[in-house]
Every structure is written in structure tokens, then in C-alpha cells.
Protein chains: 2
Amino acid sequence: EGTHETHDHGRSKFIDFPFVSSAQKNLMVDLVSRLENRLHSQLLPCTLPPDVQYYQSQTATAQASLHIRSGSDDSPVDFVLGSWVHSELPTGGSLDITSLSAYLNSSTDAPNFVFEMIRSSPTMLVLILDLPPRKDLVLWPDDLKTFYEDTQLDTHRQALERVPEVQPYFSSSLYIRTVSSPTAVMVRIVTENGGVERMEEIIRDHLDPISKQVLGIWLDHCACAKRDVGEAERAYLNKRDGLIRNKTIEIDLGSSFPRLFGPEVANRVLEAIKGYFTV
Amino acid sequence: EGTHETHDHGRSKFIDFPFVSSAQKNLMVDLVSRLENRLHSQLLPCTLPPDVQYYQSQTATAQASLHIRSGSDDSPVDFVLGSWVHSELPTGGSLDITSLSAYLNSSTDAPNFVFEMIRSSPTMLVLILDLPPRKDLVLWPDDLKTFYEDTQLDTHRQALERVPEVQPYFSSSLYIRTVSSPTAVMVRIVTENGGVERMEEIIRDHLDPISKQVLGIWLDHCACAKRDVGEAERAYLNKRDGLIRNKTIEIDLGSSFPRLFGPEVANRVLEAIKGYFTV
């Protein structure tokens with residue numbers, strides 16, 4: 001298979017989101033398309049090996065798709081990462097994670113984009129939606145103003161907060177809390193009374209528009225903004241980005257991946273991801 | 001009046017907390033005593049002018065007490081600030097704020113201590129309790145571990161979260177959110193159904209023990225810990241502390257103080273506070 005065939009084959013598997021509800025699939029497909037359409041020629045084809053673009057555990061109780069596209073040389077985008085993970089739970093249900101994130105390189109100091117839906121039951125969903133800052137906003141209050149205040153990012157978090165089924169979610173990892181922005185959407189949505197229909201409604205009527213608006217802010221004000229970054233600042237960004245990426249792999253994937261997919265598969269995928277996460 | 005008389009007179013006015021409920025007064029007096037007893041000889045008498053230690057608006061609808069004690073030359077404590085503010089509201093009720101905070105100097109890189117209760121009605125209380133970090137914890141994950149993970153600070157936030165009347169509170173200032181730690185207690189407590197009795201119960205049974213435990217962690221692991229701080233780090237701390245203190249004055253006091261006390265009184269008090277907040 002050539003690069004483009006590998007890319008096309010992996011992409012169709014990724015964009016299929018075969019295990020999630022129609023509202024969640026629509027949302028994911030829409031976010032991915034918007035991001036790809038806007039960044040278009042800046043994104044190179046996915047060159048991950050086929051057994052990393054799609055992989056499963058030995059007993060096939062867990063399967064996953066991973067789609068990473070690097071930015072071209074003249075792009076501020078380092079890479080864009082999309083994925084889904086499906087795992088049958090011993091209790092009978094399933095765990096489903098769908099995510100889309102975008103990392104910028106040190107030619108810009110604008111925030112990254114992170115979107116993740118974690119569903120451990122049809123009536124329980126954790127949503128993480130954020131533009132994590134790449135500089136200490138305490139030392140750079142102008143960046144807080146530019147990216148978070150002037151863009152009115154918090155209004156979207158506030159809108160979601162008003163939905164009765166939405167509660168704040170505190171990650172058990174203090175590091176994850178530390179890297180998030182002051183406007184981060186980190187919520188747990190529980191629709192025990194309304195069931196799976198109400199969850200579909202919340203995804204369609206609330207998560208869908210809010211996610212698109214936040215992605216739109218990121219595309220307009222971060223990915224496509226012209227920023228001046230000096231030598232010293234570039235070194236600072238490389239150091240901070242590197243630390244965050246290492247910790248993210250360690251916390252997010254280091255422990256759960258081997259458990260879900262077995263050490264051999266987990267190791268193969270982690271090694272492939274590390275290639276991109278190294279600054 | 002000599003220095004000690006001014007100090008004693010101002011302190012008795014401060015420690016009296018004349019406008020808050022008995023549970024809130026007990027809690028405040030206890031916190032102040034614990035902090036003073038532990039730091040004892042490190043704290044110099046309060047030398048604020050009498051008309052800054054106690055002040056009121058022209059019509060006496062708002063009054064306040066301010067008590068600041070600098071640390072001695074060999075102490076890591078820069079200063080300790082206690083205050084209460086009482087203001088009658090046009091609606092008939094009153095706004096009462098009681099606070100205690102402690103700022104360390106650049107001989108240490110340990111976090112500060114912040115405690116604030118904001119009561120705008122007998123059944124509504126906002127509590128802020130935090131050890132705000134003085135370094136970017138993303139770049140110093142060891143400090144995250146030392147001060148926040150190993151001390152199990154988050155267990156106290158979690159305990160409070162389980163009280164049914166307790167909801168998360170998001171400051172409207174993104175800067176205030178940015179300077180807070182990943183274990184910050186920022187909550188709104190509403191006891192509309194249980195009334196003022198239930199609020200007293202929550203303060204006595206939950207806020208009281210939790211606040212004391214967090215203050216204890218700060219005293220043991222921050223104020224009294226031996227830390228090595230090099231020249232470069234000291235400059236970094238001075239810069240970051242300075243920025244935070246300026247912004248804190250601007251956000252916290254710059255707008256509300258003139259409104260409550262009139263421009264003349266507000267200016268007198270702000271100028272006095274700025275003397276301490278300058279790094």
C-alpha cells in the first residue's frame with residue numbers, strides 16, 4: 001500500500017466511529033471535518049503503520065483507531081490527533097472514548113485544542129473541551145486577555161453549566177487540572193432519569209453547538225493567528241510543551257493502555273505516538 | 001499611642017468580628033490564633049495607622065478592619081493579612097467578608113495561604129480556601145507532588161464537595177482562576193431550605209475542621225519548610241509574586257473598595273496595602 005492508500009484506509013476506519021450513538025458520531029465527524037477543511041493543505045496524510053491506525057487486544061474485547069496528521073513545514077500546526085477506543089467492560093457494558101486534539105509548534109505561542117468524550121455507560125458521559133495554554137498565564141496576562149477574555153470563551157462553559165444534568169468534573173490527576181485553562185470545560189453528564197434519549201438530546205442540542213464554537217475560536221484566534229515568537233520564547237515553549245506531552249502520555253496512556261490492549265500492542269502504539277509527542 | 005498600643009487596639013477590633021455569626025467568628029478567631037501562635041516571634045506588631053486598621057464610609061453604612069503583620073527579617077513570611085468588611089446592602093441585608101491570608105517572601109518557593117468567606121445573605125456563602133502556587137506547576141511537577149499530592153490536599157476539597165449544599169464556585173475573574181492551585185476550594189454554599197441554622201451547622205461541622213487542616217498543611221509544609229532557592233529562582237519568584245499582587249489589588253480591591261467606602265477612604269487604605277504588596 002502507498003502512503004495515500006494507508007491514509008485513506010485508516011481515515012475511513014477512524015471517521016466511522018462504529019460504536020457510539022448517532023448524536024456523538026455526528027458531532028465527532030463534524031468537528032473532524034471542520035478542522036480538516038479549515039487547515040486543509042497544511043495537513044499531511046497520516047503515515048502511521050496500519051497496525052497502529054487500527055489495533056485491538058488479543059481477545060478483541062478492546063479495539064481502537066488512531067489517526068495522526070502532521071502539519072506541513074510552513075504550518076504552525078505540529079500535528080492533529082484523532083482517535084476512538086472501544087472496550088467491553090467485565091460488567092457487560094462498554095467504555096467508549098472519542099477524541100480530537102491539535103498541537104501547535106513553537107512558531108506560535110497560541111493555545112492547543114483538546115476535545116474528549118469518555119462514555120462508561122449510555123447515561124454517563126465525561127466531556128473535556130479546552131484550549132490549554134502553552135505559557136504560564138500568570139506571567140503573561142496579555143495572553144489571558146487575547147485568547148480567553150476577548151474571545152469570550154467562558155460564555156460557552158457557562159452555557160453548558162446551566163444544563164441541569166451537567167456537573168463539574170475534577171480529574172483525579174492534579175497534573176491534568178494544572179495544564180488546563182481557566183475556561184476549561186470539564187464536566188460529567190448524568191441522565192439516569194431521562195435515559196439514553198436525554199443524553200442524545202444533550203449531545204445534539206448543547207455539546208454539538210458549544211464544541212463547534214470553541215473549535216471555531218481555536219481555528220480563528222489560535223491556529224490561524226499571526227504571532228511573533230522570539231528565540232527565548234521558542235525555547236521556553238519547547239521546554240513547556242515537552243514536559244506536558246511527556247506527562248500526558250504517562251498519565252493518559254501509560255497506565256490504561258497496557259491494561260486495555262495488553263503490553264505488546266500498547267507498547268507498539270505508545271512508541272508510535274511518542275514519535276509525534278517529542279518536541 | 002505607641003506601636004504596641006496601636007497594634008493591640010487594632011487587633012482587638014479585628015479579632016472581634018462583630019457582624020458575623022458565632023460559628024463564623026469562632027472559625028476566624030481559631031484560624032488567626034493558630035497561625036499567630038505557630039509563627040509567633042516571626043510576626044512583628046501591626047504598624048498600620050489607626051485609620052487604616054479600622055475605617056468606615058462617610059455615612060457609616062460600610063465599615064472594616066484591617067490587620068497586617070510583617071514577618072521579621074529572618075522569617076520566610078513576608079506578611080500576614082487579616083480583615084473583615086461589613087456593608088449594609090440597599091436591599092436591606094448585608095455583605096460580610098472575613099479573610100486571612102499569608103504571603104511568603106522569596107527566601108522560599110512554597111505556596112501562600114488564602115482563606116476568604118463572602119456572605120451576601122444569611123443562607124449564602126462563598127468560600128475560597130487555597131494554597132496558591134508561586135511557581136508554574138507545569139514546569140515544576142516536583143512542587144506539585146511535594147505541596148499538593150504528597151500532602152493529600154485534595155482530600156479536603158473532596159470532603160467538602162460531598163456536602164449536599166456545596167456547589168463549585170467559578171470566579172468571574174479569569175485571573176483569579178488562573179492563580180489558584182489545582183486543589184483550590186472555591187465553593188458556593190446555599191442553605192435556602194435549611195436556613196441560617198443549617199449554614200451554622202455546615203460552618204461548624206465542615207468548614208471549621210477542613211480550614212484548620214488546610215492551614216495546618218500550610219504551616220507544616222510551606223511556612224515552616226526549609227527550601228533552597230537560588231538567585232535565578234528568587235528573581236523569578238519576585239517577578240511572579242509582584243504580578244500576582246498587583247493584579248490582586250486591581251481586581252479584588254480596585255473596583256469594590258471605592259464603591260463601598262468612597263474614593264477618599266478607599267484610596268487611603270489601598271495606598272497602605274500597596275506598601276506591603278510591593279515585592
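Keep in mind that the numbers below use all heavy atoms, side chains included, and drop hydrogens, waters and symmetry copies. Naming convention: chains lettered A, B, ... in sequence-line order (proteins, then strands); numbering from 1 in each chain. If you're wondering where the values come from, they're calculated on a predicted model, not measured in any experiment.
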*Asks:* Within the supplied structure, the quantity of interest is the number of heavy atoms (other residues, nucleotides, ligands) at a distance under 6.0 Å from B:Glu192 CD; does it exceed 12?
*Replies:*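 Incorrect, the count does not exceed 12.
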*Asks:* A:Asp208: what forms a side chain to side chain contact (heavy atoms under 4.5 Å, CB included) with it, not counting sequence neighbours?
*Replies:*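 A:Asp208 satisfies side chain to side chain contact (heavy atoms under 4.5 Å, CB included) with A:Leu27, A:Lys212 only.
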*Asks:* Is it the case that atom CD in A:Gln158 sees more than 12 heavy atoms from other parts of the structure closer than 6.0 Å?
*Replies:*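 Counting other residues, nucleotides and ligands, CD of A:Gln158 exceeds 12 neighbours.
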*Asks:* Side chain, backbone, both or neither: which part of B:Lys145 has a heavy atom under 4.5 Å from chain A?
*Replies:*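 Neither; nothing under 4.5 Å.
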*Asks:* Crowded around A:Asp150 CG? As in, over 12 foreign heavy atoms under 6.0 Å?
*Replies:*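 Above 12, so yes.
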*Asks:* Rounded to the nearest 0.5 Å, how far apart are CZ of B:Arg177 and OG of A:Ser180?
*Replies:*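 B:Arg177 CZ to A:Ser180 OG: 11.0 Å, rounded to 0.5 Å.
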*Asks:* Taking all non-hydrogen atoms of both residues into account, name the closest pair between A:Pro182 and B:Leu174 and its distance.
*Replies:*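 The answer is CB-O, 3.8 Å.
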*Asks:* Can you list the residues of residues 131-144 of chain B that sit under 4.5 Å from chain A, counting heavy atoms only?
*Replies:*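 The list, in residue order, reads B:Asp136, B:Leu137, B:Val138, B:Leu139, B:Pro141, B:Leu144.
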*Asks:* Can you tell if the side chain of B:Phe170 reaches within under 4.5 Å of the side chain of A:Glu161, non-hydrogen atoms only?
*Replies:*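 Counting from C-beta outward, B:Phe170 and A:Glu161 do come under 4.5 Å.
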*Asks:* Between B:Thr183 and chain A, with a heavy-atom cut-off of 4.5 Å, which part of the residue counts as in contact: side chain, backbone, both or neither?
*Replies:*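 Both parts, backbone and side chain.
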